[in-house]
Asker: 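One structure follows; several queries about it will come next.
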Amino acid sequence: MLYEIELGGVLLPPLVPQVLLALLLFLLVHGLISRFDGYRHLWHPALAGFCVFLIVLALVMGAWLSLGSMHG
């Protein structure tokens, strides 16, 4: 079960740690793609980067939920 996170009296959604982890992983993947000039052939590199972030976030959420169901 996902619960809110309290931080200084402010309730944050349970998605915050997943988004932060996905952001860290995205920065690594984005760095690799940029290093090898992978965005060069794309029409809209910023949109492609956003799509890569969404894919990483979906993978993190799937892993998070599957690991959570193993413990519960």
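Keep in mind that what you see is a predicted model, and the values were worked out from it rather than measured. When a residue number appears, it is its place in the shown sequence, counting from 1.
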Asker: Which other residues end up in the same hydrophobic cluster as L59, if Ile, Leu, Val, Met, Phe, Trp and Tyr are linked when side-chain heavy atoms come under 4.5 Å apart?
Answerer: I55
Asker: Enumerate the salt bridge (charged side-chain N to carboxylate O under 4.0 Å, His left out) contacts for residues 37-66, please, sequence neighbours excluded, ordered by first and then second residue.
Answerer: D37-R40
Asker: Check side-chain contact (heavy atoms from CB on, under 4.5 Å) between L47 and all other residues, then give those that pass, not counting sequence neighbours.
Answerer: H44
Asker: Which residues pass the salt bridge (charged side-chain N to carboxylate O under 4.0 Å, His left out) test with R35, sequence neighbours left out?
Answerer: none
Asker: Taking ILVMFWY side chains as joined if any heavy atoms are under 4.5 angstrom apart, and letting links pass through other members, which residues group with F36?
Answerer: L32
Asker: Taking side-chain contact (heavy atoms from CB on, under 4.5 Å) as the test, write out the residues that go with Y39, two or more places apart.
Answerer: H30, I33, S34, L42, P45, A48, V52
Asker: Under 4.5 Å side-chain heavy-atom separation, chaining through any Ile, Leu, Val, Met, Phe, Trp or Tyr, what else clusters with L24? Say none if it is isolated.
Answerer: none
Asker: Check side-chain contact (heavy atoms from CB on, under 4.5 Å) between L15 and all other residues, then give those that pass, not counting sequence neighbours.
Answerer: Q18, V19, M61
Asker: Nearest 0.5 Å, please: how far is CG in L57 from CH2 in W64?
Answerer: 11.5 Å
Asker: Taking side-chain contact (heavy atoms from CB on, under 4.5 Å) as the definition, give me every residue that meets it alongside P13, ordered by chain and number, with sequence neighbours left out.
Answerer: V16
Asker: Please walk me through it: do L54 and V56 pass side chain to side chain contact (heavy atoms under 4.5 Å, CB included)?
Answerer: CA-CA 5 Å; L54 289 180; V56 170; over 6 Å; no
